[in-house]
Enquirer: 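Quick one: the structure is below, questions incoming.
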Amino acid sequence: MRFWRIQRQQAEKITALQSQLSALCAAAVGGDERILRFEQTLNKLREHQNTLDLSIVSQTGYDHAIRLARKGGSVQQLIENCNLSDEEAHLITRLHGQAAKSSADLH
């Protein structure tokens, strides 16, 4: 009878421990899923930040190119100093260069 009681108590403890282990495993899986979602969100934020950084850098390059064109810089100078394509440099020179100023003064 005593062994039967001990066996029953041990069986109850084993069942309780199995329940606790199941709960811990479920929590670990939930934690893994949350970590995965956080990592995905972090990657999206990094990509967005990189996009913003690139747009700021390109805008700064255009601002510098416009200032250079207003001072009389050539298309070749804009290409070399501001990392612009040939078409971009020509457009900025036409819009903001010395020739654009003198034709604007005529109107």
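Please read these numbers as outputs of a predicted model, since none were measured by experiment. The figures that follow rest on heavy atoms only: side chains count, while hydrogens, waters and symmetry mates do not.
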Enquirer: Rounded to the nearest 0.5 Å, what separation is found between the CZ atom of R70 and the CG atom of L95?
Expert: 10.0 Å

Enquirer: Suppose we screen for side chain to side chain contact (heavy atoms under 4.5 Å, CB included). Which residues come up paired with D86, at least two apart in sequence or across chains?
Expert: V75, I79, H90

Enquirer: Where do I92 and A69 come nearest, in terms of heavy atoms and distance?
Expert: CG2-CB, 4.0 Å

Enquirer: Nearest 0.5 Å, please: how far is NZ in K71 from CD1 in I66?
Expert: 13.0 Å

Enquirer: Quick one: side chain to side chain contact (heavy atoms under 4.5 Å, CB included) partners of L17, sequence neighbours excluded?
Expert: Q20

Enquirer: Tell me, which pairs form a side-chain hydrogen bond (donor to acceptor under 3.5 Å, both in side chains) where one or both residues lie in residues 32-46, sequence neighbours left out?
Expert: none

Enquirer: Going from CG on N81 to CG on L68, what distance comes out if it is rounded to the nearest 0.5 angstrom?
Expert: 6.0 Å

Enquirer: So, for H64 and C82, which heavy atoms are closest and what is the spacing to 0.1 Å?
Expert: CD2-SG, 3.2 Å

Enquirer: Name all residues meeting the side-chain hydrogen bond (donor to acceptor under 3.5 Å, both in side chains) criterion together with E80; count only those two or more places apart in sequence or in a different chain, and write none if there are none.
Expert: Q76

Enquirer: Count the heavy atoms belonging to other residues, nucleotides or ligands that lie under 6.0 Å from CD of Q7, then report whether that count exceeds 12.
Expert: no

Enquirer: Under the side chain to side chain contact (heavy atoms under 4.5 Å, CB included) test, which residues partner I6, sequence neighbours left out?
Expert: R2, Q10

Enquirer: Under the side chain to side chain contact (heavy atoms under 4.5 Å, CB included) test, which residues partner S85, sequence neighbours left out?
Expert: E87, E88

Enquirer: Looking at CZ of F3 and CZ of R8, how far apart are the two atoms once the value is rounded to the nearest 0.5 Å?
Expert: 15.5 Å

